[in-house]
Student: 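Here's a structure for you.
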Amino acid sequence: MPESAAPHDPARHNPAQHNAAPQGSAAPQSPHTSYDAAPGSAGPPAPRAEVLAAVPTFFDEAGELDLATTKAYFADLAPRVDGVFVCGTTGEFPALERAERRAVAEAALAAFGPERVVVHVGAAATRESVALTRDAVAAGARRLAALTPYYLPADTGAVLRHFDEVARAAGPAAVYGYVFSERTGVAVEPAALAAATGLAGAKLSGRAADRFAEYAAALPPGQRLWSGSDTRLAEVVRGGGAGVVSGLSAAFPEPFTRLADAVASGDTRAERDAQARADEVLDTLAGTVEGIKLALHHLGHGTGTLRMPAPEITPERRRRIARLAARP
């Protein structure tokens, strides 16, 4: 069977014990944070990184939301990752209607529970982001992420006001800022993000992820920081990060959860092996939504249909994705 459909071993990985806690609560303890170093290890164990799968949104061939496939996929994925990030970039959120975003969030919350779901509530307009926030909280979400405003230029003051209104609408739910300047056209410097009130942390993608250490140094103590650079998990956790929000793990979770386990245990041999597999997934899927969806189609989840326009996948890459999905 394909690697990403490998049987789950509860003794190896218990996702429910690796979740980040909302702001103001103690983080759950991982069973990987205190045990004897494994063979080939170097140094003491590190904190165990959280692997949140940035999941796609499934559509049928007519482009309509496919909730049946979504629910079946969530049931399959739930034992294999620490949690999910829904309705984000990989989820094609700009192409989703408000009711569809709520339906996907509700399905995720039912499958994973509220502590294992981050619901993305970002929108171009603060009014819409606040409405999405209220929808998510009413559905039971306790962890939210909000992309900066986008399309029209927004200065630091506008970004901070946007985050503040979302955080106030969220009430006791934790809100994480989401910075992805290549997609939004809005850059947020580390000091500016640190000045945002009401945030429990942040998720960094693109160029912001390349500056992870600067953001980590700037954020106030207690805030949690994730990277969207899936394969740089080891660098992230050793730099004080909480983990990764990983689109690639939506299709192939095991290389990333094994990498998180290996880094936590200090097992350098296992880390090298897992890192090589994670790098192979990135090289094969090219980190694209269309590549992730095609892989999931080969794995029995969905049609591979996107709502948003995307480049055609070359025949050679299609063959590579099919081979990776078919690997035992």
Side-chain angles (χ1 to χ4, degrees), residues 54 56-57 59 63 65 85-105 118-138 141 143-171 173-212 214-215 218-219 223 225-229 245 247 287-290 306-311:
T57 303
F59 306 110
L65 180 65
F85 188 99
V86 299
C87 300
T89 302
T90 306
E92 299 176 76
F93 78 90
L96 299 179
E97 298 171 2
R98 178 177 168 184
E100 291 174 326
R101 291 176 72 163
R102 177 162 182 157
V104 171
V118 177
V119 179
H120 176 240
V121 297
T126 302
R127 178 177 181 273
E128 181 69 9
S129 195
V130 165
L132 290 163
T133 297
R134 290 173 177 155
D135 285 348
V137 171
R143 305 173 71 190
L144 311 174
L147 187 68
T148 64
Y150 56 89
Y151 191 72
L152 290 182
D155 62 11
T156 297
V159 171
L160 296 183
R161 289 191 296 272
H162 178 84
F163 283 151
D164 183 60
E165 290 199 37
V166 171
R168 283 194 284 113
V175 177
Y176 309 114
Y178 180 7
V179 181
F180 197 174
S181 61
E182 291 91 324
R183 296 290 182 269
T184 64
V186 175
V188 183
E189 287 298 310
L193 187 63
T197 59
L199 293 185
K203 184 245 180 174
L204 308 175
S205 290
R207 287 190 291 270
D210 293 336
R211 300 174 63 189
F212 190 91
E214 294 177 60
Y215 284 92
L219 288 185
Q223 289 201 5
L225 197 58
W226 287 263
S227 175
S229 294
V245 177
T288 64
V289 178
E290 58 269 24
L306 279 74
R307 270 191 187 169
M308 301 180 76

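Heads up: numbering here begins at 1 and tracks the sequence.
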Student: Which pair of heavy atoms, one from E214 and one from P190, lies closest together, and at what distance?
Tutor: O-CB, 3.8 Å
Student: So which heavy atom on A141 is nearest to which on L144, and how close?
Tutor: CB-CD2, 3.8 Å
Student: Apply the side-chain hydrogen bond (donor to acceptor under 3.5 Å, both in side chains) test between D164 and each candidate in R161, H162, R168; give the one that qualifies.
Tutor: R168
Student: Any idea which heavy atoms bring A54 and T90 closest together, and the distance?
Tutor: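 That closest heavy-atom pairing would be O-CG2, 3.3 Å.
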Student: Is a side-chain N or O of E182 found less than 3.5 angstrom from the main chain of R207, in a donor-acceptor match?
Tutor: yes
Student: Once rounded to the nearest 0.5 Å, what's the spacing between atom CG of L204 and atom OG of S229?
Tutor: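 If we round to the nearest 0.5 Å, L204:CG and S229:OG are 9.0 Å apart.
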Student: Would you call R307 and E100 a salt bridge, using N to O less than 4.0 angstrom?
Tutor: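 Yes, this pair counts.
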Student: Could you go through V121 and S129, starting from their C-alpha distance and side-chain angles, then the distance that decides it, and tell me whether this counts as side chain to side chain contact (heavy atoms under 4.5 Å, CB included)?
Tutor: CA-CA 6 Å; V121 297; S129 195; 4.2 Å; yes
Student: Tell me, do R183 and Y150 make a side-chain contact under 4.5 Å, heavy atoms counted?
Tutor: no
Student: Could you check S205 against T89 for side chain to side chain contact (heavy atoms under 4.5 Å, CB included), going step by step and ending with a plain yes or no?
Tutor: CA-CA 10 Å; S205 290; T89 302; over 6 Å; no
Student: Quick one: which of V159, L147, V179 gives a side-chain contact (heavy atoms from CB on, under 4.5 Å) with T184?
Tutor: L147
Student: Locate the shortest heavy-atom distance separating E290 from A310; write the atom from each residue and the value.
Tutor: OE1-CB, 3.7 Å
Student: Yes or no on side chain to side chain contact (heavy atoms under 4.5 Å, CB included) for L199 and L193, after CA distance, side-chain angles and deciding distance?
Tutor: CA-CA 9 Å; L199 293 185; L193 187 63; 4.1 Å; yes
Student: If every non-hydrogen atom of G91 is compared with every non-hydrogen atom of L96, which pair is closest and at what distance?
Tutor: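 For G91 and L96, the tightest heavy-atom pair comes out as O-CD1, 3.7 Å.
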Student: Report the residues that fulfil salt bridge (charged side-chain N to carboxylate O under 4.0 Å, His left out) with E189, sequence neighbours left out, ordered by chain and then residue number.
Tutor: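 Listed in chain order: R211.
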Student: Tell me whether R98 is salt-bridged to D135, with the criterion being a basic N under 4.0 Å from an acidic carboxylate O.
Tutor: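 Here R98 pairs with D135 in a salt bridge, since their nearest N and O are under 4.0 Å apart.
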Student: Parallel, tilted or perpendicular: which fits the ring planes of H120 and F85, with parallel below 30° and perpendicular above 60°?
Tutor: parallel
Student: Can you give me the closest heavy-atom contact between P149 and A124, atom names plus distance?
Tutor: CB-O, 4.0 Å
Student: Before you tell me yes or no, could you show the steps for F163 and T148 under side chain to side chain contact (heavy atoms under 4.5 Å, CB included), namely the whole-Å CA-CA distance, both residues' side-chain angles and the distance that decides it to 0.1 Å?
Tutor: CA-CA 8 Å; F163 283 151; T148 64; 3.9 Å; yes
